Amino acid sequence: DIGNALASEASPGVSREALDRLDERVARAHERIERGRRDDEFGYAALNLPETTDPDEITETVAPVNDAAYVLVVGIGGSALGAATIAEALGDSRILTLDNVDPDHVSEVLSLLPLSETAVTVVSRSGTTAETLANFLVVREAFTEAGVDWTERVVTVTGDSGPLRELADRHDLPALAVPDGVPGRFSALSSVGLAPAAIRGHDIGAILDGGKRAADCSPSLFETPAYAYGAVAYALDMRGAAINAMMPYAESLESFAEWFAQLWSESLGKDGLGQLPTRALGATDQHSQLQRYRAGPRNTLVTLVRPRERPDLRVPETDHDDLAYLSDTGLGELLDAEFDATEASLAEAGRPSVRIELDRVDEAGIGELLYTMEAACVLAGELYGIETFTQPAVEWGKRAARGLIGEGNDESESVAEKTRLVV
Ligand code: PA5
């Protein structure tokens with residue numbers, strides 16, 4: 001629902017006429033996207049994943065570890081966030097992620113996990129990412145110290161070459177390939193995002209079916225939710241909404257907001273363009289960030305997301321008169337009221353928002369949502385005219401870190417030469 005993003009007396013928003021004009025550009029962008037999909041071009045190929053990912057192949061490859069009670073995902077960025085988002089959406093708290101290389105955190109996770117009952121998916125498209133490889137070496141040693149044969153517990157997900165592929169070959173580990181033409185942040189609906197859920201016995205075919213529901217895009221923003229979102233976010237950015245606050249009203253979608261923030265910033269933050277995605281959670285952030293969304297600078301689009309259906313939890317009746325209005329309502333009902341109140345509050349103050357609703361937060365729902373936002377991002381990238389599927393700034397930082405640690409390279413030299421003014 002993009003109604004709250006339209007210009008009105010209260011809101012500068014986007015006028016309906018401007019959206020009609022933009023729709024002509026959407027139609028041209030759609031042709032470009034469809035050509036990329038047909039030719040399996042780098043990046044565009046990701047939009048074919050619901051069709052091209054073989055759930056049986058993933059399930060069969062992870063079979064040697066599917067007795068695991070816990071799964072530890074070792075990866076970072078696009079190689080971790082899709083799996084984390086899916087795990088959280090499915091309510092599976094036994095899939096944990098090691099992305100950061102914070103020593104305290106890594107030690108704590110490893111000390112809590114029963115390693116003999118834990119499977120590890122180590123995921124790196126390039127096979128060269130320092131955080132992932134370092135964490136993996138630490139994890140491997142922890143297994144050995146615990147007397148568990150790590151080669152029996154690890155599945156790799158990587159490209160055709162690189163250090164991780166060599167390691168998988170050397171130890172004959174179960175190995176899944178990162179599909180060709182799929183950048184990390186667009187890989188949630190491939191082996192990258194699905195392997196941990198498959199180990200835990202979730203129906204990954206249903207996740208892909210959800211993706212399929214969103215994959216049939218028609219060339220108009222008025223007919224395709226993904227394009228409506230991508231086009232409106234772009235149009236609002238062009239009118240000053242440089243911030244996009246992603247605010248799901250479901251704890252099970254909190255990681256989705258993090259996944260979205262990575263997708264949106266790494267794909268669209270280029271050539272001096274791109275919205276800054278921020279993460280919020282309803283109703284919690286109504287008690288903090290909403291103040292700024294409604295009354296701070298006019299530079300924010302708020303994206304409100306919720307499931308239409310969720311299991312509710314009844315608030316017990318009470319004999320306190322002041323609390324009577326809560327009696328016999330549900331927490332979910334209250335959360336929905338909070339959602340509606342936030343949306344109305346923004347509209348009343350002339351601040352744009354978009355409402356995204358999914359049927360339920362389940363396998364199909366999360367598959368459909370992930371796909372929709374990926375397609376929205378690709379469309380927005382076309383409208384900005386930027387290279388959506390590259391991440392040169394991220395790669396610079398990755399090389400510099402490796403250089404500082406010992407690899408030695410131009411980027412790390414420029415870190416050493418940085419002017420400092422320490423106070
Ligand atoms: O989206 C991306 O391309 C990045 O966020 C990568 O996923 C991240 O840097 C990890 O890279 P790799 O999978 O090569 O280890």
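Not measured: the values here are computed from a predicted model. Order of listing sets the numbers, starting from 1, for every ligand and every atom in it. The first residue of the sequence shown is numbered 1, and numbering continues consecutively from there.
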Between N244 and T278, does a side chain to side chain donor-acceptor pair (under 3.5 Å) hold up when you go through it step by step?
CA-CA 6 Å; N244 186 341; T278 63; over 6 Å; no

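At least one test fails for R37 against the ring of Y44: distance under 6.0 Å to the centre or angle within 45° of the axis. Both cation-pi conditions hold for R94 and Y70: the charged atom is under 6.0 angstrom from the six-membered ring centre and inside a 45 degree cone around its axis.
Close N/O approach between G78 and ligand 1 is found [any backbone or side-chain N/O within under 3.5 Å]. Not one N or O of T132 is nearer than 3.5 Å to an N or O of ligand 1, by distance alone.
Looking at R125, K398, R185 and measuring to atom 11 (O) of ligand 1, the nearest heavy atom belongs to K398.
If you take CG on D180 and OG on S190, they are separated by 11.5 Å, rounding to the nearest 0.5 Å.
In summary, the atoms of ligand 1 found under 4.0 Å from a heavy atom of S79, numbered by their order in the structure, are 7 (O), 12 (P), 13 (O). Close contacts between ligand 1 and Q391 involve ligand atoms 3 (O) [criterion: under 4.0 Å to a heavy atom]. Within ligand 1, the atoms closer than 4.0 Å to a non-hydrogen atom of E266 are 1 (O), 2 (C), 3 (O), 4 (C), 5 (O), numbered from 1 in the order shown.
A 4.5 Å side-chain heavy-atom check between F143 and D149 finds every atom pair outside the cut-off. At least one side-chain heavy atom of L208 sits less than 4.5 Å from a side-chain heavy atom of P55.
Residue Q262 places a heavy atom less than 4.0 Å from ligand 1. Assignment of E131 to the shell around ligand 1 is not supported, since no heavy atom sits closer than 4.0 Å.
In terms of protein heavy-atom proximity, atom 10 (C) of ligand 1 is nearest to I76 O, 3.3 Å. Among all non-hydrogen protein atoms, the one lying nearest atom 14 (O) of ligand 1 is S126 OG, 2.6 Å. In terms of protein heavy-atom proximity, atom 12 (P) of ligand 1 is closest to T129 OG1, 3.3 Å.
The distance between the ring centers of F222 and Y227 does not fall below 6.0 angstrom. For W264 and Y229, the ring centers sit closer than 6.0 Å to each other.
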